[in-house]
Participant: 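Pasting a structure here, questions to come.
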Amino acid sequence: MIPTIKEIFSLKAEGQAVTVRGWIRTKRQTKSAVFLEVNDGSCFANIQCVFDQGSPAFQAIAPELEKATTGASASIEGTLVPSPATGQKLEVSARSIQIIGEAPADTYPLQKKAHSLEFLREQAHLRPRTNTFGAVARVRNRMAFAVHQFFQERGFQYVHTPLITASDAEGAGAMFQVTTLDLQKIAQSGTVDYEKDFFGKPAYLTVSGQLNVETYCQAMNRVYTFGPAFRAENSNTTRHLAEFWMIEPEIAFATLEDDIELAKSFITQLVKTALEDCAEDLAFFDARIQPGLVADLQKVVAGSFYRVTYTEAIDALLKSGQEFEFKPYWGCDLQSEHEKFLTEKVVGGPLVVTDYPKDIKAFYMKQNDDGKTVAAMDILVPRFGEIIGGSEREWRLDLLEKRIKDLGLDSNNYWWYIDLRRYGSTPHAGFGLGFERLLLYITGMTNIRDVIPFPRAPKLAGF
RNA sequence: UCCCCUGUAGCUCAGUUGGCAGAGCAAGUGGCUGUUAACCACUGGGUCCGGUGUUCGAGCCACCGCGGGGGAGCCA
């Protein structure tokens with residue numbers, strides 16, 4: 001393998017021979033020279049390759065240089081020299097070029113100009129070749145690695161929870177059914193015999209790994225999952241996907257306080273890593289996508305998270321004098337407008353909200369002594385609201401069983417989950433974080449479909 | 001699923017009261033002290049999303065359909 005452009009940029013230019021392979025971004029010509037900018041995705045910057053029109057060898061490579069259009073792949077040989085012009089420290093004084101794959105300018109969809117994100121969504125196979133999507137891909141990669149680093153450094157074990165579940169009772173939203181039955185035949189016969197289906201009963205794509213990961217938590221203490229989750233909700237928004245990646249840590253012998261501390265240090269650590277290791281990409285997002293992004297992220301690393309109870313949050317909304325489309329009252333779910341108001345107008349940064357009414361939260365959350373609230377916490381951030389949702393889990397057998405019954409759920413569907421409380425139960429807590437939402441927060445991108453390579457959403461599975 | 005906006009050149013958009021289809025960028029050609037969102041000049045480029053209707057006449061008005069975007073709900 002030849003060095004990547006990132007690796008070449010790390011060298012000291014002293015006239016050594018280099019080979020550059022990548023995709024041509026732009027070509028500029030003057031009477032005396034041809035400038036090619038080449039990118040290979042290893043870093044944000046393009047490397048400038050200069051062809052001297054006055055050199056004796058130029059005539060021989062001129063025809064090949066003609067084919068060097070935006071989007072073409074090329075191999076360029078030359079020497080690495082300090083650049084005499086401002087704009088880059090290094091450049092390649094090129095001796096030869098070979099076009100590997102042409103990209104005819106009259107048909108290649110990407111031009112050497114800015115394209116709208118909407119247009120690029122329809123060119124999902126080519127968009128990683130743009131500044132924006134290259135930067136998103138690098139940040140996504142670094143953040144995925146940072147997730148593992150964060151947990152591994154703290155003694156967490158990575159658990160692979162199943163993507164297919166035969167339990168239709170996870171309760172976190174509409175599910176995609178998985179079947180090997182012939183739907184066409186069923187439509188004709190009019191009956192479904194699930195005993196003949198692959199699993200012998202209805203099966204679905206998971207909406208969350210939480211219930212499964214709790215079982216490993218109750219054996220290994222610190223565990224986490226990081227994998228895809230699927231929701232068949234008909235959600236058409238800039239912050240929902242039908243297929244997304246979710247991070248779900250779970251810790252035993254732990255309370256809501258431990259959970260909040262973990263979540264806060266998790267966010268802080270990831271933002272810090274992005275600022276340190278993706279500085280060039282974040283500078284681009286700050287300049288072209290979300291002005292002020294880097295300063296906001298630096299504030300997150302430096303500052304503390306504000307924290308209120310749900311009850312205090314409702315009070316703050318009521319006393320704000322702000323007109324809301326949905327009038328807040330104790331017991332209501334916090335609406336988008338409420339979350340945005342609290343994070344953007346009241347605290348100007350991330351906000352931890354705890355102790356929600358039990359009626360608007362999931363059955364597995366630990367019930368507080370007041371009989372009204374649960375030990376839940378959400379972390380809300382400016383721009384789009386909830387980024388993390390977590391809780392201490394109800395670890396007491398009798399209270400969990402009663403809650404399941406009160407909500408009209410069938411305890412048979414949860415027999416193994418309930419069993420965890422029957423044998424060696426411990427107080428434990430965890431949270432879920434949508435990886436793409438984290439990326440929205442860190443990159444300043446505003447549509448979740450732009451921070452995953454191939455977005456899946458209602459009527460959207462074209463690539 | 002609901003509400004709003006939108007669809008015109010390869011891309012981003014303008015298009016007046018209903019009266020000859022426009023610009024910038026991109027592309028092509030030529031020029032140009034090492035350019036870097038290069039610059040200068042010229043050239044080519046149109047199923048005005050589709051259908052129906054109103055009208056002497058529709059890019060523009062009405063209705064239906066399709067696509068795109070934003071907001072809401074649901075949630076991560």
Side-chain angles (χ1 to χ4, degrees), chain A residues 25-38 45-54 66 69-71 81 83-88 91 93 103-123 130-131 170-174 207-210 228-248 287-288 324-326 333-340 360-362 378-381 384-390 431-441 446-452 457-460 462:
Chain A
R25 286 291 181 82
T26 92
K27 175 164 67 171
R28 293 180 295 270
Q29 293 188 69
T30 71
K31 194 171 192 176
S32 63
V34 176
F35 300 89
L36 283 188
E37 285 198 33
V38 181
N46 306 322
I47 194 161
Q48 177 165 275
C49 302
V50 187
F51 297 80
D52 181 1
Q53 302 228 42
E66 282 296 303
T69 56
T70 298
V81 297
S83 179
T86 56
Q88 59 282 314
E91 64 183 31
S93 177
D106 56 343
T107 56
Y108 183 60
L110 303 185
Q111 304 167 353
K112 55 181 250 182
K113 66 182 288 268
H115 287 290
S116 67
L117 298 173
E118 292 81 6
F119 173 72
L120 291 171
R121 266 170 228 152
E122 294 170 1
Q123 307 292 334
T130 64
N131 284 335
E170 294 184 16
V207 294
S208 162
Q210 184 200 314
F230 307 88
R231 305 270 167 100
E233 301 286 357
N234 189 14
S235 295
N236 294 283
T237 79
T238 54
R239 53 190 188 283
H240 290 87
L241 291 167
E243 175 183 296
F244 63 101
W245 287 66
M246 191 150 60
I247 297 147
E248 295 171 297
R288 296 294 175 94
F324 293 107
E325 191 188 338
F326 293 89
D333 227 337
L334 290 181
Q335 306 293 316
S336 274
E337 56 175 340
H338 304 149
E339 296 181 346
K340 283 177 190 168
I360 59 172
K361 288 293 185 183
D378 283 359
I379 296 184
L380 314 178
V381 295
F384 57 86
E386 183 180 342
I387 193 169
I388 280 183
F431 64 81
L433 173 139
F435 187 51
E436 285 76 20
R437 287 194 180 173
L438 175 81
L439 291 173
L440 288 180
Y441 189 57
T446 54
N447 191 319
I448 203 163
R449 299 173 185 198
D450 294 333
V451 294
I452 188 168
K459 304 285 185 294
L460 186 70

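Just so it is clear: chains get the letters A, B, ... in the order the sequence lines come, proteins before strands, and each one is counted from 1. FYI, side chains are in, hydrogens and waters are out, and symmetry mates aren't considered; it's all heavy atoms of this structure.
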Participant: Determine whether the aromatic ring of A/Phe35 stacks with the base of B/G34, defined as ring centroids separated by less than 5.5 Å and ring planes inclined by less than 30°.
Facilitator: no

Participant: Any sub-3.5 Å donor-acceptor pair from A/Arg231's side-chain atoms to A/Glu243's backbone N or O?
Facilitator: no

Participant: Roughly, in whole Å, what's the span from CZ in A/Arg25 to C1' in B/U35?
Facilitator: 18 Å

Participant: Classify A/His240 by what it touches in the nucleic acid, base, sugar-phosphate, or nothing, heavy-atom distance under 4.0 Å.
Facilitator: base

Participant: Paired with B/U1 by Watson-Crick or G-U wobble geometry, both distances under 3.5 Å: which nucleotide is it?
Facilitator: B/A72

Participant: Quickly work out the A/Lys31 NZ to B/U33 C1' distance and round it to whole Å.
Facilitator: 10 Å

Participant: Looking at A/Ser336, I'd like to know whether one of its side-chain N or O atoms comes within less than 4.0 Å of OP1 or OP2 on B/G73.
Facilitator: yes

Participant: Taking the C1' atom in each of B/C32 and B/G15, what is the distance between them to the nearest angstrom?
Facilitator: 36 Å

Participant: Just jot down the salt bridge (Lys or Arg N to Asp or Glu O under 4.0 Å) partners of A/Glu248, sequence neighbours excluded, or say none.
Facilitator: none

Participant: Show me the pairs that pass side-chain hydrogen bond (donor to acceptor under 3.5 Å, both in side chains) and involve residues 105-122 of chain A, at least two apart or across chains.
Facilitator: A/Tyr108-A/Arg129, A/Arg121-A/Asp450

Participant: How many Å lie between CG on A/Asp378 and P on B/C74, as a whole number?
Facilitator: 13 Å

Participant: Quick one: does A/Gln29 reach the base of B/U35 with a side-chain donor-acceptor pair under 3.5 Å?
Facilitator: no

Participant: Return the polar atom pairs (N/O with N/O) between nucleotides 26-30 of chain B and the protein under 3.5 Å, or none.
Facilitator:
from  : atom 1 : to       : atom 2 : distance (Å)
B/A26 : O2'    : A/Gln111 : OE1    : 3.4

Participant: Which nucleotide, B/C11, B/C75, B/U35, lies nearest any side-chain atom of A/Phe119?
Facilitator: B/C11

Participant: What is the distance, to the nearest angstrom, from the CD atom on A/Gln53 to the P atom on B/C32?
Facilitator: 11 Å

Participant: Ion pair present between A/Lys361 and A/Asp333, side-chain N to carboxylate O less than 4.0 angstrom?
Facilitator: no

Participant: Hey, does A/Glu325 reach any base, or is it just sugar-phosphate, or nothing, if we go heavy atoms under 4.0 Å?
Facilitator: nothing

Participant: Taking the C1' atom of each, how far is B/U29 from B/G45, in whole Å?
Facilitator: 15 Å

Participant: Below 4.0 angstrom from OP1 or OP2 of B/A38, is there any side-chain N or O of A/Arg28?
Facilitator: yes

Participant: With the side chain counted from C-beta on, respond yes when A/Asn447 and A/Leu117 share a heavy-atom pair under 4.5 Å apart, and no when they do not.
Facilitator: no

Participant: Whether the A/Asn131 and A/Arg25 side chains hold a donor-acceptor pair (N or O, under 3.5 Å, no angle test) is what I'd like checked.
Facilitator: yes

Participant: What heavy-atom pair brings A/Ala103 and A/Gly71 nearest, and what distance separates the two atoms?
Facilitator: CB-C, 3.5 Å

Participant: Quick one: which of B/C11, B/G73, B/U1 gets closest to the side chain of A/Ser235?
Facilitator: B/G73

Participant: Using atom C1' in both nucleotides, what's the gap between B/C49 and B/G7 to the nearest angstrom?
Facilitator: 6 Å

Participant: When you measure from the side chain of A/Thr30, which nucleotide among B/G34, B/A76, B/A72 comes out closest?
Facilitator: B/G34

Participant: Please give the distance between the C1' atoms of B/G67 and B/C48 as a whole number of Å.
Facilitator: 16 Å

Participant: For the pair made of CD in A/Gln88 and P in B/A37, what is the distance, rounded to whole Å?
Facilitator: 10 Å

Participant: Under the ring pair (Phe, Tyr, Trp, His ring centres under 6.0 Å) test, which residues partner A/Phe35, sequence neighbours left out?
Facilitator: none

Participant: Once you apply a heavy-atom cut-off of 4.0 Å, does A/Asp333 come out as touching a base, just sugar-phosphate, or nothing?
Facilitator: sugar-phosphate

Participant: In the strands shown, is B/A27 matched to any nucleotide by a Watson-Crick or G-U wobble pair with both distances under 3.5 Å, and which?
Facilitator: B/U43

Participant: Taking the P atom of each, how far is B/C64 from B/C3, in whole Å?
Facilitator: 13 Å

Participant: Can you pull every protein N or O that's under 3.5 Å from an N or O on nucleotides 65-69 of chain B?
Facilitator:
from  : atom 1 : to       : atom 2 : distance (Å)
B/G69 : OP1    : A/Arg121 : NH1    : 3.0

Participant: Measure from CD1 on A/Ile360 to P on B/G73 and round the result to the nearest Å.
Facilitator: 13 Å

Participant: Hey, does the side chain of A/Ser32 come within less than 4.0 Å of B/G34's phosphate (OP1/OP2), counting only N and O?
Facilitator: yes

Participant: Do A/Glu91 and B/G34 share a donor-acceptor pair, side chain to base, under 3.5 Å?
Facilitator: yes

Participant: Rounding to an integer number of Å, can you tell me how far A/Glu37 CD sits from B/A37 P?
Facilitator: 8 Å

Participant: Using atom C1' of each nucleotide, how far apart are B/C61 and B/C2 to the nearest Å?
Facilitator: 27 Å

Participant: Over all strands shown, is A/Leu438 touching base, sugar-phosphate only, or nothing at heavy-atom distances under 4.0 angstrom?
Facilitator: nothing

Participant: Is there a donor-acceptor contact under 3.5 Å linking the side chains of A/Ser32 and A/Gln53?
Facilitator: no

Participant: Under the rule for salt bridge (Lys or Arg N to Asp or Glu O under 4.0 Å), what residues qualify as partners of A/Arg28, not counting sequence neighbours?
Facilitator: A/Glu37

Participant: Mind checking the P distance from B/A14 to B/A9? Whole angstroms is fine.
Facilitator: 12 Å

Participant: Between A/Ala85 and A/Glu386, just flag the one whose closest nucleotide in RNA chain B comes earlier from the 5' side.
Facilitator: A/Ala85

Participant: Say you pick atom C1' in B/U12 and the same atom in B/G50; how far apart are they, in whole Å?
Facilitator: 23 Å

Participant: Select one nucleotide: of B/C75, B/A38, B/U35, the one nearest the side-chain heavy atoms of A/Glu339.
Facilitator: B/C75

Participant: Select base, sugar-phosphate, or nothing to describe what A/Glu436 touches, counting heavy atoms under 4.0 Å on all strands.
Facilitator: nothing

Participant: So which one's nearest nucleotide on RNA chain B is more toward 5', A/Lys340 or A/Ala242?
Facilitator: A/Lys340

Participant: With distance as the sole test, does A/Asp378 use its side chain to make a donor-acceptor pair with the main-chain N or O of A/Leu380 at under 3.5 Å?
Facilitator: no

Participant: Determine: side-chain N/O of A/Ser116 to OP1/OP2 of B/U12, distance under 4.0 Å, yes or no.
Facilitator: yes

Participant: Would you find a donor on one side and an acceptor on the other, under 3.5 Å apart, between the side chain of A/His338 and the backbone of A/Phe326?
Facilitator: yes

Participant: Just call it for A/Gln335: base, sugar-phosphate, or nothing, with non-hydrogen atoms closer than 4.0 Å on any strand.
Facilitator: sugar-phosphate

Participant: Base, sugar-phosphate or nothing for A/Glu243? Non-hydrogen atoms, less than 4.0 Å.
Facilitator: nothing

Participant: Would you mind reading off the distance between A/Gln210 atom CD and B/A76 atom P, rounded to a whole angstrom?
Facilitator: 9 Å

Participant: Grab the two heavy atoms, one from A/Ala174 and one from A/Glu233, that are nearest each other, plus how far apart they are.
Facilitator: N-OE2, 3.0 Å

